[in-house]
There are 2 protein chains.
Amino acid sequence: MFKPVLIEPSIYCQLDIVQFKSSCAACSLRELCLPVGLNEDEVKKLDIVSQKRKITRGGYLHHAGAKFQSLYAIRSGFLKTCVLEQDGRHQVTGFHMTGELLGLDAISTDVHTCDAIALEDSEVCEIPFAKLEEISRTIPSLMRHFHKIMSREIVRDHGVMLLLGSMKAEERLASFLLNLSRRFHLRGYSEYNFNLRMTREEIGSYLGLKLETVSRAFSKFQDEEIITVDNKHIQIKDIARLRMKLSNSDVS
Amino acid sequence: MFKPVLIEPSIYCQLDIVQFKSSCAACSLRELCLPVGLNEDEVKKLDIVSQKRKITRGGYLHHAGAKFQSLYAIRSGFLKTCVLEQDGRHQVTGFHMTGELLGLDAISTDVHTCDAIALEDSEVCEIPFAKLEEISRTIPSLMRHFHKIMSREIVRDHGVMLLLGSMKAEERLASFLLNLSRRFHLRGYSEYNFNLRMTREEIGSYLGLKLETVSRAFSKFQDEEIITVDNKHIQIKDIARLRMKLSNSDVS
DNA sequence: TGGCGATTTTGATTTTTGTCAACTAATCTC
DNA sequence: GAGATTAGTTGACAAAAATCAAAATCGCCA
């Protein structure tokens, strides 16, 4: 049912998970939040402070403005994060899946700066941040690992800024689909067939486009026989040409 | 000449500098990179590992792709960071001034992911990252402080994503000018009169606009008597209306 | 299972921004 | 300091995306 799969740490999006265990009985950091290179004792230290939490579809993992206590490692499911401005402006800042770490933005001011909402029933490990900092003092590799995760989020955000600042609608959608494809593949799912968990509006919000523009771009790709779209189900028929959508446009 | 000024730590962009010292003889972390709440001994530990470095206008602090060794705390001057894609796409990801910390993106892969280029003659403190991690293990407040700085960069990036994803050209420029104004003010300079260090093209790159669009937006603001533009010199004549440019537009 | 609200698609039109071009102003170099 | 180069402004036009509108489809829940 759930196939174990080896994951390249270097390109894995958040926590460097080396291997998913097939036994899913208990929520332990060993299974899901296991940073590379910790020994049994070290894992136990982390394990003991973390707590499992379930969020049903549509539910909030945390609200913007809420007091920050914990980071959340996604054990299963799919979530979005949204920033909100006082003027009603809002935007999806990310879609997050198994193995990724949420809440990093809140460290800055001890207040969450975004909503985190489950797009399907999800499960997370709640990691009290104060404890994590404390433990990481005694485990240099854990501290190093945590710094890399934060840095990776910064790099990811710069990539999104590049997308929003310099790509056309079709390029943005191509980039989005390729990113999802890669991330599903890393988790042992098909890179060519997957179901979107979010609406066209949410995709649009993330990509800085209106939902109609997203819909039209999907239709265009389908007409060009690059993908098949059946509502939320996507099949990538020609990943090479999807990649070309990105590189093709000559940018000054 | 150089007026000391009290800075609110909570809104200060990068390092929580409490006070600029008026003596600028030596580059020490005590003066410029002093995190809040460290005692003399603690500051010394950091001080000893940092090194001063000057970059002349147009020079590189680091190149994308270069091996990561150190973070850089800006002591004086003004720099930009640019991400580059293999397809030639590139974008300014930030403008950085005194007290801010550069290089956080490179922790992730031990390679710099962006160019950092001086827009005026600048001086930085080079802080070897391995040393910083080592020292921060023994000084919890330093570690905590460093985590807040990284987190703040993530929050800043989310703000830019919101700007790029949901604002019109004039709103973007208004947001940009208000941001610069606030940051100059925090450093003891006028919030209403300042010189831009970057070209229209660089502003456009950062805001996801073409230089002509930036130029037109400047002219529009000037016509509306919100600002005065004299090439690189900006005077904000009506900051309230500049703020309205942001909040005015009703967003769904 | 049937109906209703939410989501998606598609078309027509408008708005916004980009592109190209010409000109002016500033800055750099020798 | 003169000429060359770079930067900035403005206009006319084209392209991209947003907006408005209508119809089709999906999925939730009673």
Side-chain angles (χ1 to χ4, degrees), chain A residues 56-59 80 89 91-92 117-121 163-174 176 195-224 227-234 245 248-252, chain B residues 56-59 80 89 91-92 117 119-121 163-174 176-177 195-224 227-234 245 248-252:
Chain A
T56 52
R57 190 154 95 89
K80 68 170 177 180
R89 226 184 280 274
Q91 175 148 349
V92 174
I117 300 168
L119 296 179
E120 62 182 32
D121 291 356
L163 176 144
L164 292 170
S166 77
M167 291 188 191
K168 296 227 217 310
E170 285 183 30
E171 297 170 339
R172 295 184 198 190
L173 188 64
F176 173 72
N195 285 298
L196 301 173
R197 270 72 170 182
M198 69 296 278
T199 66
R200 301 290 190 264
E201 186 169 19
E202 287 163 335
I203 296 171
S205 174
Y206 181 61
L207 298 178
L209 301 168
K210 293 294 165 184
L211 68 96
E212 295 96 328
T213 308
V214 173
S215 179
R216 275 184 243 271
F218 270 126
S219 299
K220 178 96 183 304
F221 287 173
Q222 180 154 248
D223 288 351
E224 296 174 330
I227 64 173
T228 304
V229 185
D230 179 12
N231 198 26
K232 291 238 177 358
H233 183 261
I234 301 292
K245 284 276 170 190
N248 229 0
S249 59
D250 52 342
V251 182
S252 60
Chain B
T56 53
R57 190 154 94 89
K80 67 169 178 179
R89 225 185 281 274
Q91 175 148 351
V92 174
I117 300 169
L119 296 179
E120 62 181 34
D121 291 357
L163 177 145
L164 292 171
S166 77
M167 290 187 190
K168 296 227 215 317
E170 285 184 30
E171 298 170 337
R172 295 184 199 191
L173 188 65
F176 173 74
L177 289 174
N195 284 299
L196 300 174
R197 272 71 170 182
M198 68 296 280
T199 66
R200 301 288 189 265
E201 186 169 19
E202 287 163 334
I203 296 171
S205 174
Y206 180 61
L207 298 178
L209 301 169
K210 293 294 165 185
L211 67 95
E212 293 95 330
T213 307
V214 173
S215 180
R216 275 183 243 272
F218 270 126
S219 299
K220 178 94 182 306
F221 287 174
Q222 180 153 248
D223 288 351
E224 297 175 330
I227 64 174
T228 304
V229 185
D230 178 15
N231 198 26
K232 290 233 174 9
H233 183 261
I234 301 293
K245 284 276 171 192
N248 230 0
S249 59
D250 52 344
V251 181
S252 57

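These numbers come from a predicted model, not from an experiment. First the proteins, then the strands, lettered A, B, ... as listed; each starts at 1.
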Hey, are A/Lys220 and A/Glu224 close enough for a salt bridge, meaning a charged N less than 4.0 Å from a carboxylate O?
-> yes
Those residues at least two apart in sequence (or on a different chain) that pass salt bridge (charged side-chain N to carboxylate O under 4.0 Å, His left out) with B/Glu201 are none
Note to self: When you measure only distances, ignoring hydrogens and angles, does the side chain of B/Arg216 come within 3.5 Å of the base of C/dG18 through a donor and an acceptor?
What the structure shows: no
DNA chain D nearest-nucleotide lookup for B/Asn231 and A/Lys168: closer to the 5′ end is B/Asn231
- Is the distance from OP1 or OP2 of C/dT10 to the nearest side-chain N or O of A/Ser219 less than 4.0 Å? yes
- request: Please state whether the phosphate of C/dT27, meaning OP1 or OP2, lies under 4.0 angstrom from any side-chain nitrogen or oxygen of B/Lys232.
  value: no
Touch check for B/Leu209, heavy atoms < 4.0 angstrom, all strands: base, sugar-phosphate only, or nothing? sugar-phosphate
OP1, OP2 of C/dT9 versus side-chain N and O of A/Arg200: anything below 4.0 Å?
yes
**Message:** Salt bridge or not between B/Arg197 and B/Glu120? Use side-chain N to carboxylate O under 4.0 Å.
**Reply:** yes
Practice problem: Using a 4.5 Å cut-off on heavy atoms from C-beta on, say whether the side chain of A/Ile227 contacts that of A/Phe218. | Solution: yes
Run the numbers on A/Phe221 and A/Glu170 for side chain to side chain contact (heavy atoms under 4.5 Å, CB included), then give the verdict.
CA-CA 8 Å; A/Phe221 287 173; A/Glu170 285 183 30; 3.7 Å; yes
B/Leu207 CG to C/dT17 C1', in whole Å, measures 14 Å
A/Leu196 atom CG is separated from C/dT9 atom P, nearest whole Å, by 10 Å
From CG of B/Leu173 across to P of C/dT17 the rounded distance in Å is 12 Å
Contacted region of DNA chain D by chain A, from 5' end to 3' end of the hits, cut-off under 4.0 Å to heavy atoms, spans D/dA16 to D/dC28
Between CG of B/Asn195 and P of C/dA26 the distance, given in whole Å, is 14 Å
Walking DNA chain D from its 5' end, the first of B/Glu212 and A/Arg57 to be reached, judged by nearest nucleotide, is B/Glu212
Taking the basic N atoms (NZ, or NE/NH1/NH2) and the acidic carboxylate oxygens, is any pair closer than 4.0 Å for A/Glu171 and B/Arg89?
yes
Rounded to whole Å, the CD-P distance (B/Glu171 to C/dT16) equals 10 Å
Decide yes or no for B/Ile234 and B/Val229: does some side-chain heavy atom of the first lie under 4.5 Å from some side-chain heavy atom of the second?
yes
So what does B/Gly204 hit on the nucleic acid, given a heavy-atom distance under 4.0 Å: a base, only sugar-phosphate, or nothing?
-> nothing
Here the distance between atom C1' of C/dT17 and atom NZ of B/Lys220, to the nearest Å, is 14 Å
